[in-house]
Amino acid sequence: MAATAELLEPATGDIPAYQLRSPNSGLAQSIVMAASPSSMESPSSQHAEEITRKREVRLMKNREAARECRRKKKEYVKCLENRVAVLENQNKTLIEELKALKDIYCHKAE
DNA sequence: CCTAGGTGGCGTCATAATCG
DNA sequence: CGATTATGACGCCACCTAGG
């Protein structure tokens with residue numbers, strides 16, 4: 001199931017699906033905003049634009065933070081799974097060792 | 001085929017944790 | 001202590017698969 005993300009990448013080049021899909025957020029909109037001529041706008045609309053821009057920046061940062069957070073979490077889980085495997089092996093080995101020692105001890109007692 | 005259910009990834013919001 | 005960052009929770013979408 002690990003290939004899902006890759007499969008989701010559309011045939012539209014480097015832009016991931018989620019950036020194309022999301023209707024009201026993302027890079028496309030902020031680029032449009034930045035391109036609009038702000039010099040001939042009223043102070044209030046400039047202020048609104050500033051608020052919108054700040055929101056876009058905040059959302060973009062949080063989007064990246066969430067992605068990073070998920071990546072770290074997956075890595076952590078993988079580490080735990082590795083550790084489980086190692087400990088299971090150790091456990092198996094120790095059980096075998098104990099069994100062998102018991103055998104030796106029993107034969108000595110005879 | 002079709003479809004219901006499961007899975008994984010994403011963006012967003014709310015809020016906890018950390019930083020300066 | 002306010003600003004910034006990290007994370008849990010939620011809802012959405014795309015994909016896969018077993019079963020009808």
Side-chain angles (χ1 to χ4, degrees):
Chain A
M1 284 298 100
T4 311
E6 283 73 16
L7 290 175
L8 280 175
E9 303 293 326
T12 49
D14 293 327
I15 307 165
Y18 57 84
Q19 281 179 6
L20 292 173
R21 218 192 302 128
S22 58
N24 216 9
S25 69
L27 305 171
Q29 198 191 20
S30 47
I31 288 165
V32 168
M33 297 288 296
S36 67
S38 59
S39 54
M40 49 193 295
E41 285 174 9
S42 70
S44 68
S45 78
Q46 275 185 14
H47 181 246
E49 205 174 276
E50 176 69 3
I51 288 174
T52 306
R53 193 188 62 79
K54 279 185 175 172
R55 176 183 153 79
E56 292 298 333
V57 168
R58 182 169 52 76
L59 288 181
M60 195 175 79
K61 279 187 176 177
N62 187 242
R63 201 177 300 140
E64 273 158 27
R67 224 175 284 156
E68 175 66 7
C69 184
R70 285 170 182 138
R71 191 193 62 74
K72 276 166 64 183
K73 189 174 182 178
K74 270 178 79 175
E75 199 176 293
Y76 173 68
V77 168
K78 212 178 274 180
C79 274
L80 285 182
E81 286 170 347
N82 261 347
R83 187 159 162 69
V84 166
V86 166
L87 290 175
E88 277 175 351
N89 271 339
Q90 268 183 23
N91 199 33
K92 211 182 283 178
T93 305
L94 287 172
I95 286 172
E96 289 300 316
E97 204 177 314
L98 178 62
K99 205 173 133 193
L101 288 173
K102 275 181 176 173
D103 260 14
I104 292 171
Y105 178 77
C106 282
H107 287 124
K108 231 182 182 177
E110 280 170 10

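Letters go in sequence order (proteins before strands), and every chain restarts at 1.
Under 4.0 angstrom from either OP1 or OP2 of C/dT7 there lies no side-chain N or O belonging to A/Arg70. Side-chain N/O atoms of A/Arg67 include none lying less than 4.0 angstrom from OP1 or OP2 on B/dT12. Contact between the side-chain N/O atoms of A/Lys74 and the OP1/OP2 oxygens of B/dG9 is found at a separation under 4.0 Å. Taking only side-chain nitrogens and oxygens, A/Lys61 never comes nearer than 4.0 Å to OP1 or OP2 of C/dT4.
Through direct or relayed side-chain contacts under 4.5 Å between Ile, Leu, Val, Met, Phe, Trp and Tyr, A/Val86 connects to no other residue.
Counting only heavy atoms from C-beta outward, the side chains of A/Arg53 and A/Glu56 never approach each other to under 4.5 Å.
A straight line from NZ of A/Lys73 to C1' of B/dC10 spans 14 Å, rounded to a whole angstrom. Distance, A/Arg55 CZ to C/dT4 P: 17 Å, rounded to whole Å. Remark: C1' of B/dG9 and CD of A/Glu64 are 16 Å apart, rounded to the nearest angstrom. As rounded to whole Å, 19 Å separates atom P of C/dT7 from atom CZ of A/Arg63. A/Lys72 places its NZ atom 7 Å from the C1' atom of C/dA6, with the value rounded to the nearest Å.
In this structure A/Arg70 satisfies the side chain to side chain contact (heavy atoms under 4.5 Å, CB included) test together with A/Ala66, sequence neighbours excluded. Legend: residues meeting side chain to side chain contact (heavy atoms under 4.5 Å, CB included) with A/Leu94, ordered by chain and number and at least two apart, are A/Glu97. For the side chain to side chain contact (heavy atoms under 4.5 Å, CB included) test, residues two or more places apart in sequence or in another chain that qualify with A/Ser44 are A/Ser42. In this structure, the side chain to side chain donor-acceptor pair (under 3.5 Å) partners of A/Arg71, at least two apart in sequence or on a different chain, are A/Glu68, A/Glu75.
Of the candidate nucleotides C/dA6, B/dT12, C/dG8, B/dT12 has the atom nearest to the side chain of A/Leu59.
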Quick test: give all pairs of protein nitrogen or oxygen and nucleotides 14-20 of chain B nitrogen or oxygen below 3.5 Å, distance rounded to 0.1 Å.
none

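Residue-level contact check: A/Arg71 touches neither bases nor backbone, having no heavy atom under 4.0 Å from any strand.
Atom-to-atom distance recorded for A/Thr52:OG1 and A/His47:NE2 is 10.0 Å, nearest 0.5 angstrom.
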